[in-house]
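A note on names: the letters A, B, ... follow the listed sequences, proteins ahead of strands, and every chain is numbered from 1.
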Amino acid sequence: MAKKLRSIRGIHDGLPDQVRGFQHIEQVARAVFERYAFSEVRLPVLEPTELFVRSIGSATDIVSKEMYAFVDQGGDHICLRPEGTAGAVRAYLQAGLTRSGAQRWYYMGPMFRRERPQKGRLRQFQQIGLEWFGVAGPVEDVELLALATAFLKALGLDGLRLELNSLGCEQCRPAYRALLVDFLKGIAGDLCETCHERMDKNPMRVLDCKDEHCQHALRDAPEMIGHLCAACANHFERLRQGLDALGLSYEVNPRIVRGLDYYNRTAFEFVTDRLGAQGTVLAGGRYDGLIEELGGPATPAIGFAAGVERLAMLLESPEPRRPDFAVVSLGEQALVWSLEQADWLRAQGFVVVHCGGGGAKRQFKLADREHARYTLVIGEEEMQRGVFTLKDMETGEQRTVTGQELVASMQ
RNA sequence: GUGGAUGUAGCUCAAUGGUAGAGCCCCGGUUUGUGGUACCGGUGGUUGUGGGUUCGAGUCCCAUCAUCCACCCCA
């Protein structure tokens, strides 16, 4: 390369070793989600900018400074999606499904946020998301958490902590918020600079501050949990009963706050302490107001998103599949026939690499490097007799076989 | 957006301000029908980039870009 061409900052290439891990996660997700009768949807990566302004909230960091938004050649304001829920709701409304009963959707694909990269945080990252439209819970909340748990368990992830909270609703949150702001004003002198900013933008975030002084000052802060309206309190209580009944362990964390404006009531995070500062691996909650907010009828809904790269960091990437056979072709005369034999074996379902002809030593080296289980030597002698020389690469044993014998012995 | 650490061969890393090196990998040979071991040889670098200081800069200074980590925020 004359000049260094690099991918954009925070946007990484998925190379084979890593992608095998992604594929495994996706495969497990599909299997588990389908068992709960969810269906995959494929949604646009490009959406109108306004969609996110109206759903996530214009004051959030995501919308105010992290979106890849631009005006296209036709003058339209479009952006790369920073998350999946808003687009899913848009699609649900656009397809006219509001009177078709509950919809169970999942999707996987890239999201884009222009943040400063760090461990577990990229500018283009992949999410596996799931949305359940038209269900008010709390039964469905329980089922969704059971599904999420089943997914993570199927991946072999243990040691994840489920943290649960209720964010209240339109009825009870405003009063609580006012109460909290009053409290915060009283202790403002003890709060850090960023907390002062949070007091205006999103006061509930103050509760989540990592600063020790702030946490000390906040020890008597009012919590949403203690100020839920009767309906929200009942919802939360029945959710907890359901989780207990299914034996799903969790801890109530009154400080977890979902970052996006549209969440209400149930909020949850599956977190690990193995990923540094970005320990949230799967998170979501209820967003009963969003569909109406985007122009549809009042429709309750709940969903979550999981970070694929974060999950992958917690798992071993699977080993590549070893070729069953490496074909070593000796002599110009046998080359074409050896290629035909390689294809014939592939048609039988075997993984076959052809070593390209040329020197025997070179080809055996390739076969070794590919970690092929067997090498098939195909030279002029074999071609005339219609057989292969089969070499076991571990024992070094060699014998002559016909194609039929070979296929039979591999069953 | 803020702060810290780090940028030398494809990879992992050396080089008191004085000729840019090693190991691994890759290619070839010792063996023109036999790999993993061994030996021999070879390819490969404007030291991230651009300035500055100096007789002389991989080394010191400034800027910039990128990576990593943390803040912020979030999956």
Side-chain angles (χ1 to χ4, degrees), chain A residues 1-12 25 56 59-66 82-85 108-130 148 192-195 197-198 201-202 205 208-211 256-260 263 268-272 275-285 303-314 326 328-332 334 355 357-372 374-382 389-398:
Chain A
M1 286 192 283
K3 278 189 177 179
K4 278 190 181 167
L5 284 175
R6 291 190 53 91
S7 65
I8 295 165
R9 176 173 210 186
I11 299 185
H12 293 185
I25 291 166
I56 302 175
T60 60
D61 282 9
I62 291 177
V63 167
S64 63
K65 50 194 184 194
E66 294 176 1
E83 59 99 35
T85 300
M108 37 192 76
M111 306 294 166
F112 304 83
R113 295 179 197 170
R114 199 182 181 289
E115 301 181 273
R116 187 88 168 254
Q118 71 179 80
K119 188 180 183 69
R121 193 170 74 184
L122 296 166
R123 289 185 171 183
Q124 176 176 340
F125 59 101
Q126 302 171 82
Q127 282 189 340
I128 296 177
L130 183 143
C192 70
E193 200 172 318
T194 43
C195 276
E197 288 170 30
R198 285 190 272 238
K201 275 168 57 184
N202 189 348
R205 277 244 163 266
D208 211 12
C209 186
K210 289 172 185 168
D211 186 281
I256 67 170
V257 182
R258 306 277 58 242
L260 285 46
Y263 285 109
F268 58 87
E269 296 186 0
F270 286 85
V271 297
T272 174
L275 287 182
Q278 312 296 328
T280 302
V281 132
L282 184 155
F304 67 71
V308 175
E309 287 86 354
R310 288 185 186 177
L311 288 170
M313 279 191 280
L314 296 174
V328 168
S329 174
L330 297 170
E332 279 300 308
C355 294
K361 183 185 179 70
R362 189 192 73 86
Q363 294 190 71
F364 270 91
K365 272 191 172 174
L366 282 175
D368 192 55
R369 196 183 306 158
E370 298 278 359
H371 298 110
Y374 298 102
T375 295
L376 281 183
V377 183
I378 301 181
E380 287 163 29
E381 200 181 312
E382 284 84 356
T389 298
L390 175 73
K391 176 168 183 173
D392 184 317
M393 292 301 276
E394 274 163 32
T395 65
E397 282 171 23
Q398 227 167 261

**Q.** Base B:rG33 paired with A:E382 side chain (donor-acceptor, <3.5 Å)
**A.** yes
(Q) Base, sugar-phosphate or nothing for A:G129? Non-hydrogen atoms, less than 4.0 Å. (A) nothing
(Q) Let's test your reading of the model: under 3.5 Å, does the base of B:rC73 pair with the side chain of A:R121 as donor and acceptor? (A) yes
Q | Base B:rU34 to side chain A:Q363, donor-acceptor N/O within 3.5 Å cut-off | A | no
**Q.** Side-chain-base donor-acceptor pair under 3.5 Å for A:D368 and B:rG36
**A.** no
Q) Which nucleotide sits closest to the side chain of A:Q127: B:rA75, B:rC72, B:rC71? A) B:rA75
**Q.** Donor-acceptor pair, side chain of A:E83 and main chain of A:T85, under 3.5 angstrom
**A.** yes
Q) How would you label the contact of A:K361 with the nucleic acid (heavy atoms, under 4.0 Å): base, sugar-phosphate, or nothing? A) base
Q. When only distance counts, do a donor and an acceptor, one from the side chain of A:R362 and one from the base of B:rG29, lie under 3.5 Å apart?
A. no
Indicate every side-chain donor-acceptor pair of residues 108-116 of chain A with a distance under 3.5 Å to a residue at least two apart or in another chain.
from, atom 1, to, atom 2, distance (Å)
A:R113, NE, A:P82, O, 2.8
A:R113, NH2, A:P82, O, 3.0

Q.
Using a heavy-atom cut-off of 4.0 Å across all strands, would you classify A:A283 as base, sugar-phosphate, or nothing?
A. sugar-phosphate
Q: For A:I8 and for A:E394, find the nucleotide of RNA chain B with the closest heavy atom, then tell me which residue's nucleotide is more 5'.
A: A:E394
Q) Is a donor-acceptor contact shorter than 3.5 angstrom present between the side chain of A:Q118 and the base of B:rC72? A) yes
Q: Please state the P separation for the pair B:rG29 and B:rU19 - nearest whole angstrom.
A: 37 Å
(Q) What's A:V281 touching, base or sugar-phosphate or nothing? Going by heavy atoms closer than 4.0 Å. (A) sugar-phosphate
Q) Got a donor-acceptor contact below 3.5 angstrom from the A:Q363 side chain to the A:A360 backbone? A) no
Q | Residue whose nearest RNA chain B nucleotide is more 5′ - A:R114 or A:K391 | A | A:R114
Q. Closest to the A:R116 side chain: B:rG35, B:rA75, B:rG1?
A. B:rG1
Q. NA contact type, A:H12, heavy-atom cut-off 4.0 Å: base, sugar-phosphate, or nothing?
A. sugar-phosphate
Q. At under 4.0 Å, does any side-chain N or O of A:R9 touch on OP1 or OP2 of B:rA66?
A. yes
(Q) When you measure from the side-chain N and O atoms of A:R369 to the phosphate of B:rC25, is any distance below 4.0 Å, counting only OP1 and OP2? (A) no
